[in-house]
Number of protein chains: 2
Amino acid sequence: MVNTSKKSERVPSAKMNSRVERSRHNVLTTAFELLSEGGVNGFTVDEVARRSGVAKTTIYRHWPTREALVIDACTRMIAEQETPDTGSLEGDITAILTEIAHLLPTANWSFVLPSIVDTAERNPEFAEIHSRIQRGHAAPLREALQRAIERGELSAHTDVSTIVAALMGPLFYRRWFSREPIDDQFVKAIIKRVLASL
Amino acid sequence: MVNTSKKSERVPSAKMNSRVERSRHNVLTTAFELLSEGGVNGFTVDEVARRSGVAKTTIYRHWPTREALVIDACTRMIAEQETPDTGSLEGDITAILTEIAHLLPTANWSFVLPSIVDTAERNPEFAEIHSRIQRGHAAPLREALQRAIERGELSAHTDVSTIVAALMGPLFYRRWFSREPIDDQFVKAIIKRVLASL
DNA sequence: ATGATACGATACGGTATCGTAGCGTTGTAT
DNA sequence: ATACAACGCTACGATACCGTATCGTATCAT
């Protein structure tokens, strides 16, 4: 399936691709970095060219427009989080939220997300990306809750969306609105509250 | 105290101020509008001048720089919310959150806030404004909780900050992250959960 | 070797925006 | 009436950015 040029196919070929891929990779890496520092609005193609060493011309040979590059970089920022399986709902939730709590102050995406949220407020393309990122973050929780329902640990009528909001909301709130620290004690307090009410 | 020019004081005077104030008011009104539409980044002095009818020159006679104007506009956006006093904690919380739930999808500040959050991530001046807005939003809740503690309805050791996050977080989460509707049923479910765990 | 493909460097046109200068006009005070 | 303060208009200079054009160079396939 890799089409290793048998006839006179003067096309892709592994080595050619590797050259292309190196450029794309360098550009995207720098794009990440720049996004983390300045958000969507602080992102300029010229700066990416300067930092990455890849000529602006080359960048425009791979991405038709600035926005396409930004979107590409944002898309690849979506963290695919693992869903743990500890056997109990409380165990799963604790593992998931603790992980997120540790990522919130450090992960690159946490610096870019406000920018995406802001842009998404008025730009459908970014609204779509934001939606995907969002689903990615909520997926492990939803899965854990779904499993708990299947195990009979939760009622089949449980409103999963509400619980997700009740669990994720407080963490996000602290990261971007109240800007208070998110320690394990806080995470436990939130989990305890939500579980107690099920 | 109003200095109505008695001698040869060719200065302030009421009418002069009214002319100045009219300009300032027109500019700020337009600035609000523009902020709501395009966020901090979509905000340009030229556009304010165009829409408000106030010459750009005049704008710069009142605000030294674009940023000063944006900050001024943001500052005045801080909604001073009333703290209801229904007598019971549940009543107060319900009133407060219901109000916020109704404002979140409609109020001007809800369209600008992501932009401020984003800017605040890298700009100390906006971090300060964001902090003030934040405190303003949380104040009624904190007050209601404080009163409940004084009434003995809550333990004196109650962690108010955690409860605020548990209540506000889910609402904010739905507005800017999951983008799900925030109906009264949802608000009640959140309140019920939190109150049940006190 | 030779042609094709990707890349780099430079320059450019076009646009948007900030902030200022010059100068005439309108409103206000005495 | 006259002086003064605030305003409006137009035009700038300066800068930053987008996206393209041009041309020469390096890498790869055959």
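Every chain is numbered from 1 and lettered A, B, ... according to where its sequence line falls, protein lines coming before strand lines. The analysis underlying the following values was restricted to heavy atoms, covering all of them including side chains, and did not include hydrogens, waters or symmetry mates.
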According to ring pair (Phe, Tyr, Trp, His ring centres under 6.0 Å), who are the partners of [X], at least two apart in sequence or on a separate chain?
| X | value |
| --- | --- |
| A/Phe126 | none |
| B/Trp109 | B/His137 |
| B/Tyr173 | A/Phe172 |

side-chain N/O B/Ser23 vs D/dC7 OP1/OP2, d < 4.0 Å =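 True: B/Ser23 side-chain N/O within range (under 4.0 Å) of D/dC7 OP1/OP2.
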Nearest whole angstrom, please: distance from the [atom2] of [N] to the [atom1] of [X].
| X | N | atom1 | atom2 | answer |
| --- | --- | --- | --- | --- |
| A/His25 | C/dA6 | NE2 | C1' | 19 Å |
| B/Glu21 | C/dT28 | CD | C1' | 16 Å |
| A/Glu67 | D/dG19 | CD | C1' | 14 Å |
| A/Arg19 | C/dG8 | CZ | C1' | 11 Å |
| B/Glu47 | C/dT15 | CD | P | 18 Å |
| A/Asp46 | C/dT10 | CG | C1' | 13 Å |
| B/Arg22 | D/dA5 | CZ | C1' | 14 Å |

Positions of residues 26-42 of chain A (non-hydrogen atom under 4.0 Å from DNA chain C), listed by number =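 Listed by number, there are none.
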Which of residues 55-65 of chain B sit near DNA chain C, with a heavy atom under 4.0 Å from it?
->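 Contacting residues: B/Lys56, B/Thr57, B/Tyr60, B/Thr65.
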Measure from the side chain of B/Thr44, starting at C-beta and using heavy atoms only, and say which of D/dC7, C/dC18, D/dC17 lies closest.
->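 Nearest to the side-chain atoms of B/Thr44, counting from C-beta on, is C/dC18.
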Per B/Arg66 side chain, nearest of listed nucleotides D/dC7, D/dG8, C/dG19 |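 Output: C/dG19.
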Over all atoms of both residues, closest heavy-atom pair of A/Arg193 and B/Ala166 |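 Nearest heavy atoms, A/Arg193 then B/Ala166: CD-CB, 4.4 Å.
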Who passes salt bridge (Lys or Arg N to Asp or Glu O under 4.0 Å) against [X], sequence neighbours left out?
| X | answer |
| --- | --- |
| A/Asp159 | none |
| B/Arg147 | B/Asp85, B/Asp92, B/Glu143 |
| A/Asp46 | A/Lys56 |
| B/Glu67 | none |

Judged by modelled atom types alone, do B/Arg179 and A/Ser131 share a side-chain donor-acceptor pair under 3.5 Å?
->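 Side-chain D/A pair, B/Arg179 to A/Ser131: absent.
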